[in-house]
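Below, chains carry the letters A, B, ... as their sequence lines are ordered, and counting in each starts from 1. FYI, side chains are in, hydrogens and waters are out, and symmetry mates aren't considered; it's all heavy atoms of this structure. Small disclaimer: the values here were computed from a predicted structure and weren't measured.
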Amino acid sequence: MASPLPTTLDIYFNGHTSDAKRTRFSNGSLRHSHRKFFIHCTISKSTPEAPPSSDEPDAKNPSLSEQLRPLVNTTLSTSSTHQSHVLSKPKSTWFNPTKPKRSVLSHQRHKRSTYTYNPQIRDLRLIAQNLNDCDASESDFLAVLEEIPTPVTKENALLILNGLKPWQKTLLFFNWVKKQNSFPMEPILYNVTMKSLRFGRQFQLIEDLAHEMIEKDIKMDNITYSTIISCAKKCYLFDKAVHWFERMYKTGLMPDEVTYSAILDVYARLGKVEEVLSLYERARATGWKPDPITFSVLGKMFGAAGDYDGIRYVLQEMKSLGVQPNLVVYNTLLEAMGKAGKPGFARSLFEEMLDSGITPNEKTLTAVVKIYGKARWAKDALELWERMRQNNWPVDFILYNTLLNMCADVGLVEEAETLFSDMKQSEHCQPDSWSYTAMLNIYGSEGNVDKAMEVFEEMSELGIDLNVMGCTCLIQCLGKALEFDDLVKVFETSVERGIKPDDRLCGSLLSVVSLSQNSNDEEKVLACLQQANTKLVAFIKLMVEEKTSFETVKEQFKSIMSESSVEVRRPFCNCLIDICRNKDMQDRAHELLYLGTLYGLYPGLHNKTAEEWCLDVRSLSVGAAQTAMEEWMGTLTRMVQREEELPGLLIAQTGTGVHKFSQGLGMSLASHLKKMEAPFRQSEDKAGYFVATRDDLVSWVKSKVPSVAVTN
DNA sequence: GTAGGGTTAG
């Protein structure tokens with residue numbers, strides 16, 4: 001999506017920006033723990049060919065990278081034993097009495113031309129309207145232009161230009177005005193035209209106009225540059241944005257804060273956090289007081305990086321500079337808190353926003369509802385919903401859909417049904433494919449096949465497309481209910497309607513394979529899976545053959561996992577283990593668990609302190625948890641027999657299933673432990689914990705010998 | 001959308 005930066009500005013921090021580790025401290029200061037970085041600078045090769053003019057880059061004026069060089073050398077590059085404050089004390093860091101600071105931005109915004117009343121405004125607006133409405137053909141357009149009072153003045157032309165809508169019309173009119181040649185073409189005319197082109201994402205045309213300005217020696221100003229930069233950004237042409245920004249400096253034009261924050265956003269979207277901070281800090285050092293928009297850019301950047309300290313830093317900067325966050329800043333920071341996985345801080349920030357007297361809008365509420373849902377904070381989510389109704393806070397269909405997803409996340413079926421029917425009765429928030437998908441998710445997770453199928457039928461009747469997620473939810477639901485024929489039907493229809501099965505859908509089918517109780521059903525599901533992932537089916541057939549060697553399984557397992565997206569690897573492995581256990585192939589299940597651990601699919605499975613060892617099976621399926629437990633018991637038994645040192649307490653943690661729909665791992669492990677006659681007992685004060693003391697274990701091992709197989 | 005920059009969904 002993001003195109004790489006071109007040759008104009010490359011800053012390397014030990015090779016990778018993302019490696020630059022920052023540590024922030026409680027006072028909000030930001031320190032760099034990586035030191036050696038340097039700027040590599042080459043002048044852009046893509047500087048447009050244009051005849052020399054006064055607006056051409058001047059060797060006297062440094063490029064952005066040249067300007068940044070002293071910054072990096074003086075503030076960021078330090079010895080390995082010294083950590084420099086970069087953001088906390090900018091002035092002390094920057095002050096160098098022997099060299100005057102070079103400014104990076106103008107503290108004065110570009111002055112707009114003053115508005116003068118135009119008595120013909122109504123007529124001109126009408127002409128603009130007629131131009132918008134007329135056919136795009138040259139003759140029709142020209143016929144409307146006849147209505148313009150002649151000779152056309154700059155003011156009249158501007159008024160019409162401002163009212164034109166599709167960019168094609170704006171360009172036609174702009175070219176016509178140029179051809180009239182009745183007044184000199186000032187930058188404002190180009191700026192207004194560029195703005196219209198930006199709506200149509202016509203970057204090339206904007207760039208053509210920019211080159212025309214250079215050619216005709218029409219001075220580009222901050223408004224021209226910020227329009228070019230924001231259009232480039234809209235078109236994901238980040239290299240172009242940087243190119244034009246650098247060109248400003250080279251021509252001796254200083255960006256003001258609007259252009260500056262636009263370019264900060266460009267670097268932020270490229271994930272170039274260090275560059276953004278350098279630019280920000282460099283400008284701050286000249287005494288610039290950033291406005292809320294700049295802080296919104298920084299907040300979004302830190303959110304995208306999941307950087308909680310960064311978000312706090314933004315809040316602290318605003319506080320120390322006396323900048324009051326506005327609604328957009330709060331929305332951005334709330335969203336960022338969600339991305340950084342900090343629901344508690346998001347909640348406090350939301351309350352702070354309300355206390356400051358700001359009324360939340362749809363975006364605020366969407367962000368907060370989503371955060372509470374993902375955190376499974378049912379109580380907070382329901383309270384918030386109640387407050388929304390009491391305060392008559394604004395709702396739109398995205399918020400409705402987010403509320404439905406929250407209901408799915410925390411398992412609120414009735415509330416979701418109420419919301420869904422509210423939507424159906426509403427005027428502006430009719431349920432769409434997102435809403436229906438959420439309902440499929442809710443009924444599917446609950447295991448309510450009838451309701452899920454009802455939703456599916458309703459979608460077909462209303463012509464609402466089923467998407468891959470809805471299909472996955474349905475298949476999961478039908479699988480759990482062992483409705484294999486309906487499952488095949490849903491899968492086949494979905495594929496016919498153009499759904500491309502993804503890894504998650506394959507995972508869903510795979511879990512159904514592990515649930516099937518006879519080979520007939522299994523074949524039906526495997527036939528579906530065959531269409532989605534041939535290799536996976538081949539692997540299943542291979543691994544359930546007793547004669548397949550461990551080495552072969554290992555090789556194929558590795559290949560399957562590396563071809564699958566990261567988020568499905570553990571579920572895949574869990575399902576494969578379950579399939580083996582259903583076929584009483586315990587040895588193979590143990591091999592798979594070993595491979596899963598080997599390839600890092602189960603991080604944090606074993607946790608050890610001096611006092612206690614814990615087996616955390618919360619992210620494992622029932623079969624995988626049983627396998628892990630057996631494996632652990634085997635290890636512990638051998639340790640007892642060898643009289644190795646053991647902690648006083650041994651714990652198996654299943655969790656309680658915070659999600660209402662996903663409980664049952666504890667119960668199944670309890671019955672498995674009973675079958676194994678293992679010494680673990682369900683903890684009385686901590687749900688989801690199975691505990692054994694060292695003494696329990698030792699006496700159990702002694703009583704079991706020689707029935708427990710001992711291998712070294 | 002009144003010549004320019006920032007915020008909503010698996």
Side-chain angles (χ1 to χ4, degrees), chain A residues 105 109-113 115 118 121 124-125 128 158-165 167 170 186-196 198-199 206 220-231 233-234 241 245 255-266 268-269 290-301 303 314 325-336 338 360-371 373-374 394-406 408-409 432-435 437-438 440-441 467-473 502 504 567:
Chain A
L105 92 167
R109 280 203 193 192
H110 189 280
K111 284 215 171 54
R112 286 163 183 256
S113 51
Y115 173 80
N118 190 326
I121 185 160
L124 294 163
R125 288 252 160 108
L158 263 178
L159 260 166
I160 294 173
L161 210 48
N162 261 318
L164 294 176
K165 224 168 254 172
W167 59 269
T170 314
E186 288 178 24
I188 188 169
L189 290 144
Y190 280 87
N191 293 346
V192 176
T193 306
M194 282 186 180
K195 188 184 166 186
S196 174
R198 193 188 54 183
F199 272 106
I206 285 189
M220 293 165 73
D221 57 25
N222 258 288
I223 296 178
T224 322
Y225 278 108
S226 58
T227 311
I228 296 171
I229 289 167
S230 61
C231 179
K233 199 162 63 180
K234 239 183 172 175
F245 182 65
D256 64 11
E257 71 174 335
V258 174
T259 317
Y260 207 74
S261 61
I263 207 70
L264 285 181
D265 192 36
V266 168
R269 281 171 198 235
D291 68 358
I293 292 181
T294 310
F295 289 116
S296 174
V297 167
L298 294 182
K300 189 180 175 187
M301 172 182 78
V314 173
N326 63 18
L327 178 61
V328 177
V329 172
Y330 271 118
N331 289 352
T332 312
L333 291 176
L334 284 168
E335 180 89 357
N361 68 5
E362 296 89 332
K363 291 175 188 181
T364 324
L365 298 166
T366 298
V368 180
V369 168
K370 189 179 154 193
I371 289 167
K374 293 284 166 251
V395 186
D396 63 4
F397 77 101
I398 294 179
L399 179 51
Y400 260 119
N401 285 343
T402 307
L403 281 163
L404 283 177
N405 283 326
M406 178 275 290
D409 282 333
D432 65 354
S433 98
W434 287 71
S435 331
T437 306
L440 286 175
N441 190 4
N467 59 26
V468 68
M469 183 186 169
C471 179
T472 306
C473 295
D502 61 6
R504 282 177 191 236
E567 77 268 14

Out of [options], which nucleotide sits closest to the side chain of [X]?
X      : options              : answer
A:N361 : B:dG4, B:dA3, B:dT7  : B:dT7
A:K165 : B:dA3, B:dT2, B:dG1  : B:dG1
A:K374 : B:dG6, B:dG4, B:dG10 : B:dG10
A:I398 : B:dA3, B:dA9, B:dG5  : B:dA9
A:E335 : B:dA9, B:dG6, B:dG1  : B:dA9
A:V258 : B:dA3, B:dG6, B:dG4  : B:dG4
A:K363 : B:dT7, B:dG4, B:dA3  : B:dT7
A:K233 : B:dA3, B:dG6, B:dA9  : B:dG6
A:S261 : B:dG5, B:dG1, B:dA3  : B:dG5
A:R504 : B:dG10, B:dT7, B:dA3 : B:dG10

Partner of A:M220 by side chain to side chain contact (heavy atoms under 4.5 Å, CB included), out of A:T224, A:N222, A:I223: A:T224
Check whether the side chain of [X] and the base of [N] form a donor-acceptor pair under 3.5 Å.
X      : N      : result
A:T227 : B:dG4  : no
A:R112 : B:dG4  : yes
A:N441 : B:dG10 : no
A:S230 : B:dG4  : no
A:D396 : B:dT8  : yes
A:D291 : B:dG6  : no
A:T366 : B:dT8  : yes
A:N326 : B:dG6  : yes
A:N331 : B:dT7  : yes

So, do A:Y260 and B:dG5 meet the stacking rule of ring centres under 5.5 Å and planes under 30°? no
If I take atom [atom1] from residue [X] and atom [atom2] from residue [Y], how far apart are they, to the nearest 0.5 angstrom?
X      : Y      : atom1 : atom2 : value
A:L264 : A:L298 : CG    : CG    : 6.5 Å
A:E335 : A:K300 : CD    : NZ    : 8.5 Å
A:L399 : A:K363 : CG    : NZ    : 12.5 Å
A:S226 : A:D256 : OG    : CG    : 7.0 Å
A:L158 : A:T193 : CG    : OG1   : 8.5 Å
A:T259 : A:I229 : OG1   : CD1   : 6.0 Å

Classify [X] by what it touches in the nucleic acid, base, sugar-phosphate, or nothing, heavy-atom distance under 4.0 Å.
X      : result
A:T437 : base
A:V468 : nothing
A:T294 : base
A:N401 : base
A:V328 : base
A:T259 : base
A:F397 : base
A:N162 : sugar-phosphate
A:K300 : sugar-phosphate

Work out how far the C1' atom of B:dG10 is from that of B:dG6, and round it to whole angstrom. 25 Å
Using atom C1' in both nucleotides, what's the gap between B:dG5 and B:dG1 to the nearest angstrom? 15 Å
Would you indicate, yes or no, if B:dG5 has its OP1 or OP2 atom less than 4.0 angstrom from a side-chain nitrogen or oxygen of A:R198? yes
B:dA3 phosphate, OP1 or OP2: any side-chain N/O from A:K111 under 4.0 angstrom? no
Please state how far atom [atom1] in [X] lies from atom [atom2] in [N], giving the value in whole angstrom units.
X      : N      : atom1 : atom2 : result
A:H110 : B:dG4  : NE2   : C1'   : 9 Å
A:N118 : B:dT2  : CG    : C1'   : 14 Å
A:N191 : B:dA3  : CG    : C1'   : 5 Å
A:L189 : B:dT2  : CG    : P     : 18 Å
A:I223 : B:dG1  : CD1   : C1'   : 15 Å
A:N467 : B:dG10 : CG    : P     : 12 Å
A:K195 : B:dG1  : NZ    : C1'   : 4 Å
A:D221 : B:dG5  : CG    : C1'   : 14 Å

For A:R504, I'd like to know if atom CZ has over 12 heavy atoms of other residues, nucleotides or ligands within 6.0 Å.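 At most 12 heavy atoms, drawn from other residues, nucleotides or ligands, come within 6.0 Å of this atom.
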Do A:N441 and A:N405 pair up side chain to side chain, a donor and an acceptor below 3.5 Å, judged on atom types alone?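 Side-chain D/A pair, A:N441 to A:N405: absent.
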